[in-house]
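All residue numbers in this chain count up from 1 along the given sequence.
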Amino acid sequence: MPAVLILIAGLALTFRLATGDYLVVKPSFFVGTVSAVAVLLFLYCLKREVREPMERRLLAIAVTMPVLAWSIPNLGLLLVIMCLWVPVAAWRFNLIAPVYLFSLLLLPGLDHTLKLGSLKLVEFGAHDALALGAAVAIFVNSAKGRCRIEWDIVVLLVVFTIAMAVARETSLSHHLRALTEVSLELALPYYIVSRGLRTSEELKSAMLWISAGGIVIAALLTFEVWKAWPIYQELYRLFELPTLMLVKVRAGLIRAGGPFVEPTSVAMVLAICVMALYLSRDFMRGRRYFLLLMAVAVVGLIAPQSRGAWVGVFIAIAAADALRGRYIQLGQKLFVVAGAISFLFLAAQFYPYLSETLGLSGGSSTSSDYRRLLLSRGIELFAGRPVMGYSMRELHQLLPDLVQGEGIIDFVNTYIWIMLIAGLPGLAVFASPFVLFLTGIIRKGRFRGVSKRDVEAGAFVFGVLLMMMEMLFFTSFGTRPSFYLFALFGFAAAFLRLQRETKTGTSPAEMDNKPELLLFYRT
């Protein structure tokens, strides 16, 4: 299968060159090269028995996916290929979810309006195509995992609530369109991960692929800052797609967005990857190799200049250590972090760049002022209609002082947005999956003693869900952070299902110890 992907990408690039379109060569060359170097570094740091089964597939996906994006002459053809991408690249059922989570990192959304004549259908892009292909591949396979119906209901209630809230005071067709779009973006990632991860090995495999994605993204973000080149915006110009994404600069350096185009969202998802890497240490050849990869990831996390991502990572690490009973190590980390923060704020008094990065001056302080204004104005409006909320049209009329230069209100506080569009009932629905899965992990997870199981996987999803709860206070809802949030709900559901099944001795996870269900298989 890796050879098939490389062949397709090579044919597409050859076609571009044959037609004289040389503008695609430079960006695809740089992205492909940087991605390849990042993957090779990641593979070099893995143990041999872990590296060999995945190296060809991982390298092929990381390199050929961006090359294809720049080489395919038509967006419609690219979306068709993306629908087939995950089933073809994974080939085995146990790799569908990991390959989907990795591939989801590598391209911008490239959303395009599908129409039937003059009738607008839905916004459909590369991420929707990846999810659709992966979900169909899982749905038709009888070996997929099963989840408790109440978990599905809680998650789907959030999907339905958001879709109906954003489509308020519009036509029936717009309600159906909103429900379809939100289901593609949120319900499918949950379905793919909750049904696609069935065993302990597959949970670990997913974390390993997410870790690899983090190293690739970190390398691309570092390259963008180094060259001051938001390279993925070229794809929107190539396909003549409109976008509101702007190049953001802070303290003289661009805030890199990489394949996400936008810095805050890429920092949020990269923080998830950092946590997966942090808890995948057992797969590394040794401590120095693990620290090398962590250093690369940390440098990448600096590139978007997002303070919320750093706070989120600290919360996730603290939660993961506490859950595993590593209180001494947690105390040591807190001591080091407290000292580092004190030093940074002291140094910021003498270095303007550091001051602006920390939000004490310049453009970053303006961003903080906007968040405070959104919070105060949002609470003020919410108090006037706490149960029913408002339609999006009403919010634009009632909050003219928050409209940005792009003509939008940037709801950089997800909870305020939910409270305003869906009221207290909507906020309760939105919070319910967090409560359900976090409490379930605490009660059902086995993290200590002789019966402990899947410790790293449980600590990962617990810490990251807490991290997401914190970061949503400072981040707008939508795009890939929301996709990965619902994928994490699916990861939590898979983890809880496995804990329950193995406890009762009815787990299909060990189905006769079939070799195709193992993480380390030979291709």
Expected output: side-chain [X] to main-chain [Y] donor-acceptor under 3.5 Å:
X    : Y    : value
T414 : T475 : yes
Y390 : L381 : yes
H127 : L105 : no
D128 : G125 : yes
E181 : E123 : yes
R146 : K144 : yes
R57  : A89  : yes
R198 : G145 : no
S103 : Y100 : no

> Under 30°, 30 to 60°, or over 60°: which ring-plane class applies to Y415 and F473, parallel, tilted or perpendicular?
Replying inline: tilted
Presence of salt bridge, [Y] and [X], under 4.0 angstrom:
X    : Y    : answer
R377 : E380 : yes
R385 : E394 : yes
D152 : R195 : yes

> Yes or no on side chain to side chain contact (heavy atoms under 4.5 Å, CB included) for N141 and F93, after CA distance, side-chain angles and deciding distance?
Replying inline: CA-CA 8 Å; N141 196 309; F93 183 91; 3.3 Å; yes
For residues [X] and [Y], determine if any side-chain heavy atom of one lies less than 4.5 Å from a side-chain heavy atom of the other.
X    : Y    : result
I162 : V429 : no
Y190 : V159 : no
P259 : I217 : yes
I272 : F460 : yes
F124 : H112 : no
P108 : Y236 : yes
I210 : F102 : no
F42  : S211 : yes

Could you report the tightest heavy-atom contact between [X] and [Y], atom names first, then the distance?
X    : Y    : answer
I61  : P66  : O-CD, 4.3 Å
F430 : L472 : CZ-CD1, 3.9 Å
L270 : L221 : CD2-CD1, 3.9 Å
M419 : L427 : CG-CD2, 3.7 Å
V464 : M275 : CG2-CB, 3.8 Å
R497 : C147 : NH1-SG, 3.5 Å

> Does the ring of F283 carry K204 above it, NZ/CZ under 6.0 angstrom from centre and within 45° of its axis?
Replying inline: no
>> Tell me whether R480 forms a cation-pi arrangement with F260, defined as NZ or CZ under 6.0 Å from the six-membered ring centre and within 45 degrees of its axis.
In response: yes
Can you tell me how far apart [atom1] ([X]) and [atom2] ([Y]) are? Round to the nearest 0.5 Å.
X    : Y    : atom1 : atom2 : result
L279 : L208 : CG    : CG    : 12.5 Å
L375 : F474 : CG    : CZ    : 9.5 Å
L106 : L68  : CG    : CG    : 11.5 Å
S476 : I416 : OG    : CD1   : 13.5 Å
F437 : K444 : CZ    : NZ    : 14.0 Å
I153 : R148 : CD1   : CZ    : 11.0 Å

>> Walk me through whether F239 and L78 qualify under side chain to side chain contact (heavy atoms under 4.5 Å, CB included).
In response: CA-CA 10 Å; F239 291 114; L78 176 64; 4.0 Å; yes
> With a cut-off of 6.0 Å (strictly less than), are more than 12 heavy atoms of other residues, nucleotides or ligands near CZ of F160?
Replying inline: no
>> Under the criterion side chain to side chain contact (heavy atoms under 4.5 Å, CB included), I'd like the reasoning laid out for W85 against T64: C-alpha separation, chi angles, the key distance, then a yes or no.
In response: CA-CA 11 Å; W85 181 265; T64 59; 3.3 Å; yes
> For F489, which of L186, L465, V193 qualifies under side-chain contact (heavy atoms from CB on, under 4.5 Å)?
Replying inline: L465
>> Less than 6.0 angstrom separating the ring centers of F462 and F495, yes or no?
In response: no
>> Can you see whether S205 engages E202 through a side-chain donor-acceptor pair at a distance of less than 3.5 angstrom?
In response: no
> Can V155 and V158 be said to form a side chain to side chain contact (heavy atoms under 4.5 Å, CB included), step by step?
Replying inline: CA-CA 5 Å; V155 173; V158 180; 5.8 Å; no
> Among all residues two or more places apart in sequence or in another chain, which pass the ring-ring contact (aromatic ring centres under 6.0 Å, His included) test with Y232?
Replying inline: W70
> Would F477 and F411 count as a ring-ring contact (aromatic ring centres under 6.0 Å, His included) if you check the C-alpha gap in whole Å, the side-chain angles of each, and the deciding distance to 0.1 Å?
Replying inline: CA-CA 8 Å; F477 190 80; F411 286 100; over 10 Å; no
